[in-house]
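What follows is a set of notes on a single structure, which appears directly below.
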Amino acid sequence: QVQLLESGGGAVQAGESLKLSCAASGRTYESFLMGWFRRASGKEREFVAALRWDSGNTYYSDSVKGRFTIAKDNAEKTVFLQMNGLKPDDTAIYYCAASLVRLNAALRMSTRGYRYWGQGTQVTVSA
């Protein structure tokens, strides 16, 4: 089992930055892929970014590429999402997720690919 705990959400103005953290515990040594998803009000949960724990390879949705950065701290078993240049459209609940199996490109960007989820943290960006 893997337990995930997000933190770092908050309310900011457009153009500002936030850094989300996701602390992992449990079977983290097997964690293969860590991802961030978000769900805006009235919308489905969507892929934001993912990171392969072993290689460090990163993946981003087109909507955040160039603005958000996903990174990890092996010692702290933590994944971060640095969000710069925030826009009102980035307002959502952000969720950390983990998969213990290798995912193809399609599943990597799908909620169906991830078995473990955090409780979410709210990010609100005002114009």
Distance-only, no hydrogens or angles: does the [X] side chain make a donor-acceptor pair with backbone N or O of [Y] under 3.5 Å?
X: Thr124; Y: Thr91; answer: no
X: Tyr95; Y: Thr121; answer: no
X: Arg67; Y: Gly85; answer: yes
X: Tyr60; Y: Ile70; answer: yes
X: Glu6; Y: Cys22; answer: no

| field | Within 6.0 angstrom of Gln119 CD, more than 12 heavy atoms from elsewhere | value | yes
Return the minimal non-hydrogen interatomic distance between [X] and [Y], and the atom names on each side.
X: Ser99; Y: Tyr114; value: N-CD2, 3.9 Å
X: Phe47; Y: Tyr59; value: CZ-O, 3.8 Å
X: Arg45; Y: Trp117; value: NH1-CE3, 3.2 Å
X: Gln82; Y: Ser17; value: NE2-CB, 3.9 Å
X: Val48; Y: Val64; value: O-CG2, 3.5 Å

| For Ser41, what residues pass the side-chain contact (heavy atoms from CB on, under 4.5 Å) criterion, not counting sequence neighbours? | none
Reported [atom1]-to-[atom2] distance for the pair [X] and [Y], which is rounded to 0.5 angstrom:
X: Arg112; Y: Leu103; atom1: CZ; atom2: CG; result: 10.0 Å
X: Met83; Y: Leu20; atom1: CE; atom2: CG; result: 3.5 Å
X: Leu86; Y: Phe68; atom1: CG; atom2: CZ; result: 5.0 Å

| request: Name all residues meeting the salt bridge (Lys or Arg N to Asp or Glu O under 4.0 Å) criterion together with Asp89; count only those two or more places apart in sequence or in a different chain, and write none if there are none. | output: none
| query | Does Glu46 have any salt bridge (Lys or Arg N to Asp or Glu O under 4.0 Å) partners at least two apart in sequence or in another chain, and if so, which? | reply |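 Counting only residues at least two positions away or on another chain, Glu46 forms a salt bridge (Lys or Arg N to Asp or Glu O under 4.0 Å) with Arg38.
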| task | Please determine if Lys87 and Asp90 form a salt bridge, counting it only when a charged side-chain N lies under 4.0 Å from a carboxylate O. | result |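 Looking at Asp90 together with Lys87, the answer is no, because their closest N to O distance does not fall below 4.0 Å.
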| message | Any non-hydrogen side-chain atom of Cys96 less than 4.5 Å from a side-chain atom of Met34? | response | yes
